Amino acid sequence: MRTVIYPGSFDPVTNGHLDVARRAARIFDKLVIAVACNSEKNPLFTFEERQALLNETCADIPNKEVVMFNGLLVNAVPRFEACAVIRGIRAVSDFEYEFQMALMNRELSSQCETLFMMPSPEYSYVSSRLIKEIALCGGDISMFVPPTVAQAVYRKYGVTPKK
């Protein structure tokens, strides 16, 4: 069985994340969506909340498993018996960062192969950071995230969206 791991903070999960996840799930036998702890980020949602939102929004992906992991990605790859890592790339700036990370991961573990996947064009500019900024100001994020995610973001910020 060919398993791919799709790591990310998913804070919050976006339609772009879901696009990449669904397409990766069609290519591999199993998709492990791994919610990562990133010490450089101050997450809006807890691990458990992000895992629950992913399980709900990915309910239509039968061959997925949503897990949490902490530490180095190269250690998570064998733990989840993955043959590769999938990373979404939206722009050149993403590529530069992800390329560097992929090379570092391969240096740390020759078994850590990284595959890059571009989101569909309509999601190429969507980021969790921008979604949080828009929501915090009461803007409409409904076109960027599933309805349950939008509701959860607004609830966290205690705002009502202006439509």
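None of these values were measured; they are calculated from a predicted model. Residues take their numbers from the sequence shown, with the count starting at 1.
Residues Lys30 and Glu81 are not paired through a salt bridge, judged by the lack of any N-O separation under 4.0 Å between the basic side chain and the carboxylate. Note on Asp11 versus Arg129: no salt bridge recorded, every NZ/NE/NH1/NH2 to OD/OE distance being 4.0 Å or above.
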Query raised in the report: Could you walk me through whether Ile141 and Val153 pass the side chain to side chain contact (heavy atoms under 4.5 Å, CB included) check?
Result: CA-CA 9 Å; Ile141 59 172; Val153 172; 4.0 Å; yes

Requested in this report: Could you please spell out the steps behind the side chain to side chain contact (heavy atoms under 4.5 Å, CB included) verdict for Val32 and Val4?
Outcome: CA-CA 6 Å; Val32 175; Val4 68; over 6 Å; no

Query raised in the report: Could you walk me through whether Gln111 and Cys83 pass the side chain to side chain contact (heavy atoms under 4.5 Å, CB included) check?
Result: CA-CA 8 Å; Gln111 303 303 309; Cys83 66; over 6 Å; no

Requested in this report: Start with the C-alpha gap between Arg22 and Asp60, add the side-chain angles, then the distance that decides, and say whether side chain to side chain contact (heavy atoms under 4.5 Å, CB included) holds.
Outcome: CA-CA 9 Å; Arg22 287 184 179 104; Asp60 62 322; 2.8 Å; yes

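Among residues two or more places apart in sequence or in another chain, the side chain to side chain donor-acceptor pair (under 3.5 Å) test is passed with Glu98 by Arg87. By the side chain to side chain contact (heavy atoms under 4.5 Å, CB included) test, Met68 is found to be paired with Val35, Phe47, Glu48, Gln51, residues two or more places apart in sequence or in another chain being considered. Residues satisfying the side chain to side chain donor-acceptor pair (under 3.5 Å) test with Thr14, not counting sequence neighbours, are His17.
Contact check for Ile27 versus Met117: side-chain heavy atoms found under the 4.5 Å cut-off. Counting heavy atoms from C-beta outward, Asn75 and Leu72 have side chains that approach closer than 4.5 Å. Under the 4.5 Å side-chain criterion, counting only non-hydrogen atoms from C-beta, Pro12 is not in contact with Arg50. Looking only at side-chain heavy atoms (C-beta outward), Ser124 and Met118 stay at 4.5 Å or farther from each other. Val85 is not listed as a side-chain neighbour of Leu115, based on a closest heavy-atom distance of 4.5 Å or more. Counting heavy atoms from C-beta on, the side chains of Phe69 and Arg79 come closer than 4.5 Å.
Among residues at least two apart or in separate chains, ring-ring contact (aromatic ring centres under 6.0 Å, His included) pairs with a member in residues 98-132 are Phe95-Phe99, Phe95-Phe116. Sorted by first and then second residue, the ring-ring contact (aromatic ring centres under 6.0 Å, His included) pairs with a member in residues 129-152 form an empty list; sequence neighbours excluded.
For the residue pair Pro161 and Gly139, the shortest heavy atom distance occurs at CB-O, 4.1 Å. Minimum heavy-atom separation, Asn63 to Ala25: ND2-O, 2.9 Å. Of all the heavy atoms in Gly88 and Tyr6, the pair that sits closest is N-CE1, 4.4 Å. When all heavy atoms of Leu44 and Glu49 are compared, the closest pair comes out as O-OE1, 4.4 Å. Contact record, Pro119 with Arg23: CA-NH1, 3.7 Å, taken as the closest heavy-atom pair. Of all non-hydrogen atoms in Val149 and Leu53, the two that sit nearest each other are CG2-CD2, 4.1 Å.
Cluster membership check: Phe28 shares its hydrophobic cluster with Leu18, using side-chain heavy-atom separations under 4.5 Å among Ile, Leu, Val, Met, Phe, Trp and Tyr. Follow the hydrophobic side-chain contacts under 4.5 Å out from Leu73 and you never reach Phe10; the two are in separate clusters.
Distance alone, capped at 3.5 Å, is enough to place a donor-acceptor pair between the Asn15 side chain and the Met143 backbone. For the pair Asp19 (side chain) and Ser120 (backbone), a donor-acceptor distance under 3.5 Å is present.
A distance of 9.0 Å separates CE in Met101 from SG in Cys112, rounded to the nearest 0.5 Å.
Around atom CZ of Arg106, no more than 12 heavy atoms belonging to other residues, nucleotides or ligands sit under 6.0 Å away.
Membership of an apolar cluster is not assigned to Leu130, as no side-chain contact below 4.5 Å to another ILVMFWY residue is traced.
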